[in-house]
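What's counted below: heavy atoms across the whole structure, side chains too, no hydrogens, waters or symmetry copies. The sequence lines fix the lettering, A, B, ..., with proteins before strands; numbering per chain opens at 1.
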4 protein chains.
Amino acid sequence: MATPHHARRSDTRSRIQDVALKLFAEQGYEKTSLREIAERLDVTKAALYYHFKTKEDLLLSISEDLSAPVDELIAWAQGQPRTLATKQEVLRRYSDALWGATDLFRFFQENQATVRDLAIGESFRERITALSELLKEPDSSMTAQVRSLTALFAMHAGMHATQNVEGDPEEKRAAVLEVALDLLAQADADLVTN
Amino acid sequence: MATPHHARRSDTRSRIQDVALKLFAEQGYEKTSLREIAERLDVTKAALYYHFKTKEDLLLSISEDLSAPVDELIAWAQGQPRTLATKQEVLRRYSDALWGATDLFRFFQENQATVRDLAIGESFRERITALSELLKEPDSSMTAQVRSLTALFAMHAGMHATQNVEGDPEEKRAAVLEVALDLLAQADADLVTN
Amino acid sequence: MATPHHARRSDTRSRIQDVALKLFAEQGYEKTSLREIAERLDVTKAALYYHFKTKEDLLLSISEDLSAPVDELIAWAQGQPRTLATKQEVLRRYSDALWGATDLFRFFQENQATVRDLAIGESFRERITALSELLKEPDSSMTAQVRSLTALFAMHAGMHATQNVEGDPEEKRAAVLEVALDLLAQADADLVTN
Amino acid sequence: MATPHHARRSDTRSRIQDVALKLFAEQGYEKTSLREIAERLDVTKAALYYHFKTKEDLLLSISEDLSAPVDELIAWAQGQPRTLATKQEVLRRYSDALWGATDLFRFFQENQATVRDLAIGESFRERITALSELLKEPDSSMTAQVRSLTALFAMHAGMHATQNVEGDPEEKRAAVLEVALDLLAQADADLVTN
DNA sequence: CATGAATGAGAGTTCATTCAT
DNA sequence: AATGAATGAACTCTCATTCAT
């Protein structure tokens, strides 16, 4: 048999995650009902509950799986010297992570109000804070700090805000990264000047 | 009579709008029920329906009242020459508009998924698109375009993303604006160079 | 008009209570669904929620209304001297209270497990404890105390346990009360003897 | 093999019964889900279904095992003369039976509404009826009959109602039995007098 | 002897909305 | 200008039960 039992084992489980993420990203968390997810997969609602304790737990499992790369990035960066080179590398890797899970990060960005008081919101905020602190120098000028933060948020916004710009996605991604890296460099220059 | 009919009429109406916006911004649109709004105001749900046709209509009325300044800004800008000075003025005025209605813009930012398929979403997107097109030059390099867009989105993000930065709000706002203006100037420099 | 507005005001509300108590007593609390109650009344489930916050709250409201006489009895007794005459009067009045709300007390007796961890359980236990303490003397012999308690519980049991005995209800009630009064008298005699 | 098949077979089976009875008694029948029972035993729900056809069947098996002594008692008594001595012996043995399976009888008492329309309810009622008929004389005065019934129900109530009385359990049990025996004797005296 | 995966039915609850008064 | 009463549709979630393996 080509598809042995254990290959199938988590088949339904991950199909649920896939469909759920797609719908959460497209329609929002609240507007996506478990009925809808179940119908798309041609299973019953109860089947979802066999695999996930609650709706929130379903979202949590998706988020944990997909945002692991970001956590690794943070862990790595915290062991590096706080040089411009490190920060630039953080930005580059973050770009990879974001574009590797666009649905999830789109979801986070467009459902902030919802996410805020879900368990998941906490870890999301923590990640952003950790990244912020890796990029900005608390003793630098406020302008420099804002520039660093802008580098970070420009990447989030850049994922979806460039839809009215002509050009292929990879090119856009590169442009966004370039602008972000530049902001970082300027923030660093400020620091040196001061 | 000290309080004529028309003064009273809009009193309740605008109290509803105030409370609704506060709750929409704090908790999100879907998670805020009309029951909750009514309870806060110590009126019945039916009273809300006297003043507004639907929940969505309530949101619409809030948005229209508060985002008028942005529409005026766009109208004004569309009559001006496409110079850097104009663009910078757009950004300055936009900063005023945003900080003049933080709850509303926070709401828009944190409820994008929800807002997307409300009638209001359309006009929101149109405004952003209009502003984008006022700021970026479609024939400039992609990097320059991204820089212009980033100037715009930096202002949105800057409203709430600077909470971990020390300093008073006005100072932060100024710093955000400065960074945005700078991005715009760089985009313009690119254009000249090309 | 024979039935003015305000007479109707609580009409639905108390019709709900009536039907609910009937079904709770007949079938048990858990086995009675709100759907069933609503259907009997030819209203929607949501109508129930207009009048009562939760299923438990519905039960609570019924219990509070119907067990007021018992609370009054307790309050009265606590102001009386701890004589045999008082205790006998307590039993007599309690008999009236029980037979005046048989459905409710049947419900309590047959749904103890359920009631135990509802808010209502607490007040039920408190009432029983208060009555126990009014009837038994903590310093008397254990047998005397058990006799007093038995007087109390005999009345509960007597409401439904006499169905296999021939005779009319009023006669049965009188017999149960007589036996209970007798137990009380014997407990008192013990006390004197000791 | 040290542990033959049949020893193991009934091991799990009776562990299930033990846990189930404990939970049924503590929380009630409806509020105890098969999931919960399975989790406590660290087996799957399906395992329960290997041993018992349905949830009700599980309860039935418990009840049959534990209430065998009562059935034997009834069978024995039905072959004895209807003397006071016999009746007193019935009460004494019934006391043993009750205290030998407190969880089960507590369950019966606190879940009457539930039990009523389970198959088990029938046999429960039959046992009570049989005992009633062994104790009371249908031709005696109503008061005498109520006294006999009270003797019986006092034992049920006595199992849990004496928690607010000081003293050790065995002593309480003895006191309850004494009061019950006394009631029986009084009923018998009535009979003779009439 | 037992599990993993799933189902169908139904539970309690909440929501935006309506309408006669 | 506002209320009281109600609805219909939907929601998340839980349950006892089944069955192939």
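Distance A:L118 CG to F:dT12 P: 12 Å, rounded to the nearest Å. B:K55 places its NZ atom 15 Å from the P atom of E:dT18, with the value rounded to the nearest Å. Atom CZ of D:F52 is separated from atom P of F:dT18 by 16 Å (rounded to the nearest Å). Look at CD on D:E56: it is 12 Å from P on F:dA16, rounded to the nearest Å. Rounded to whole Å, atom P of E:dG4 lies 22 Å from atom OH of A:Y49.
Distance alone, capped at 3.5 Å, places no donor-acceptor pair between the B:R40 side chain and the B:L23 backbone. In terms of modelled atom types and a separation under 3.5 Å, the side chain of A:R116 and the main chain of B:E26 share a donor-acceptor contact.
When distances run from any side-chain atom of B:H51 to the nucleotides F:dA2, F:dC15, F:dT7, the shortest one goes to F:dA2. Across F:dA2, F:dT18, F:dG8, the shortest atom-to-atom separation from the side chain of D:A46 is found for F:dT18.
The nearest heavy atom of DNA chain F to D:T54 and to B:T44 marks one nucleotide each, and the one closer to the 5' end goes with B:T44. When the nearest nucleotides of DNA chain F are assigned to C:A47 and A:K53 by heavy-atom distance, the more 5′-ward of the two goes with C:A47.
Where pairing requires Watson-Crick or G-U contacts shorter than 3.5 Å, the helical stems of DNA chain E with at least three consecutive pairs are E:2-21 with F:2-21.
Under 4.0 Å is where a charged nitrogen must lie from a carboxylate oxygen, and between A:D71 and A:R127 at least one such pair does.
Note: C:D57 CG to C:H51 NE2 = 12.5 Å, rounded to the nearest 0.5 Å. Atom OG in A:S33 sits 8.5 Å away from atom NZ in A:K45 (nearest 0.5 Å).
Residue B:T12 places no side-chain N or O under 4.0 Å from the OP1 or OP2 atom of F:dA1. Contact between the side-chain N/O atoms of B:Y50 and the OP1/OP2 oxygens of F:dA1 is found at a separation under 4.0 Å.
A cation-pi arrangement is found for D:K55 relative to D:Y29, the charged atom lying closer than 6.0 Å to the ring centre and inside a 45° cone about the ring normal.
Between D:F108 and D:L104 the shortest side-chain heavy-atom distance falls below 4.5 Å.
Applying the side chain to side chain donor-acceptor pair (under 3.5 Å) test between C:Q27 and each of C:E36, C:K22, C:E110 identifies C:E36 as the sole match.
Looking at residues 23-42 of chain C, you'll see that no heavy atom sits under 4.0 Å from any atom of DNA chain F.
The base of E:dT13 is paired with the side chain of C:K45 by a donor and an acceptor separated by under 3.5 Å.
For A:E30 and B:T114, the side-chain atoms include no donor-acceptor pair closer than 3.5 Å.
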